[in-house]
Amino acid sequence: MRRRDLLLKMELRSNPQSLCVVRGALAQLTERLGFPEPECRAVVLALDEALTNVIRHAYAGRPERPIEVSFRRIRAPWRGESREALEIVLVDKGRRVDRTKLRGRSLEDVRPGGLGLHFIRENMDAVEFRRIASRNRLRLVKFLRVPRPPRDS
Amino acid sequence: MEISARHLDKITVFDISGDIDLASSPELRKALLREIRVLRRPRVVVNLRAVRYLDSSGVASLIEALKASREIGSRFVLFGLNTTLREVFHISKLTTFFEICDNEEQAVAP
């Protein structure tokens, strides 16, 4: 059974100005969890892109719509062993996301747009999207590469 | 994000600082495209040394500026990419697509 410790929960509005606040909080959280510096940046970029997609596509740029982001420390199986990981879950009440667009696009096609999903997939170990009760739910997981002893605080 | 422009003969140098994200990239896009499409400057150089963060919307703005410069036969040059920005360019596979210099001296050289 997975162990899940809630680390932080944020209730945001779909305003691009809030992105820098989330990035700042997550940068500190990933550092505290023991991720190496490049992976802290990778996770921050992935979440930022996920939130950008919610604002631009699920809410079509409309501000003041709700977005819920929760961060949990979990233990889950990864490559045959139980590993500690950061789980990030985003929930929004926007329109249904077109699953065909979740595949992203070929990087050979150099043009503006479509890079966000590539950044998310490249930087996270698991990316799962579900539509539940008129809500979009995106789950992102990043495993800690090096096992470390659990912290009390 | 803060953005300012310097004009060196026929070259425009943009000095950018702060975070380039969904909130700020429209301003960057507008400034770059005005210089390229409206003012038709022969070379536009972007100093990214003080940029702490760049997301896909910022990358998209730079791609659009590069394509606009190619359409009119001008040059679009970047310099001052720190580790964070180099990582973003690397996973975008755009490192070879852009003209990237190490410093301003190279970027404005004849």
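To find a chain, count down the sequence lines: A is the first, B the second, and so on, and within it residues start at 1.
Using a 4.5 Å cut-off between heavy atoms, B:L54 touches chain A through its backbone atoms (N, CA, C, O) alone. Residue contact with chain B, scored on non-hydrogen atoms closer than 4.5 Å, involves the side chain of A:N123 exclusively. When heavy atoms are compared at a cutoff of 4.5 Å, A:L51 does not approach chain B at all. In this structure, the portion of A:E49 lying under 4.5 Å from any heavy atom of chain B is its side chain and not its backbone.
Heavy atoms only, all atoms of each residue included: B:L22 and A:R56 are closest at CD1-CD, 3.6 Å. In plain terms, the two heavy atoms of B:V88 and A:F119 that are nearest each other are CG1-CZ, 3.8 Å.
Atoms OG and CG, from B:S56 and A:N53 in turn, are 7.0 Å apart once rounded to the nearest 0.5 Å. The line from CE of B:M1 to SG of A:C20 is 13.0 Å long, rounded to the nearest 0.5 Å. One finds the CD atom of B:E87 at 12.0 Å from the CD atom of A:E122 (value rounded to the nearest 0.5 Å).
Residues satisfying the ring pair (Phe, Tyr, Trp, His ring centres under 6.0 Å) criterion with B:F76, sequence neighbours excluded, are absent altogether. Scanning for ring pair (Phe, Tyr, Trp, His ring centres under 6.0 Å) contacts around B:F98 gives B:F89, with sequence neighbours left out.
A:V54 and A:V89 are assigned to two separate hydrophobic clusters, defined by single-linkage of ILVMFWY side chains at heavy-atom distances under 4.5 Å. Linking Ile, Leu, Val, Met, Phe, Trp and Tyr residues whenever their side-chain heavy atoms come within less than 4.5 Å leaves A:I55 and A:V91 in two separate clusters.
Residues A:R23 and B:D21 meet the side-chain proximity criterion, which asks for heavy atoms closer than 4.5 Å. With a 4.5 Å cut-off on side-chain heavy atoms, A:R41 and B:T83 count as touching.
The local environment of CD in B:Q106 is crowded, with over 12 non-hydrogen atoms from other residues, nucleotides or ligands closer than 6.0 Å. Within a 6.0 Å radius of CZ in B:R34, other residues, nucleotides and ligands contribute 12 heavy atoms or fewer. Atom CZ of A:R65 sits in a crowded spot, with more than 12 heavy atoms from other residues, nucleotides or ligands closer than 6.0 Å. Crowding of B:H7 atom NE2: a count of heavy atoms from other residues, nucleotides or ligands under 6.0 Å exceeding 12.
Taking A:V44, A:L19, A:D48 one by one and counting their heavy-atom pairs under 4.5 Å with chain B, the maximum is reached by A:D48.
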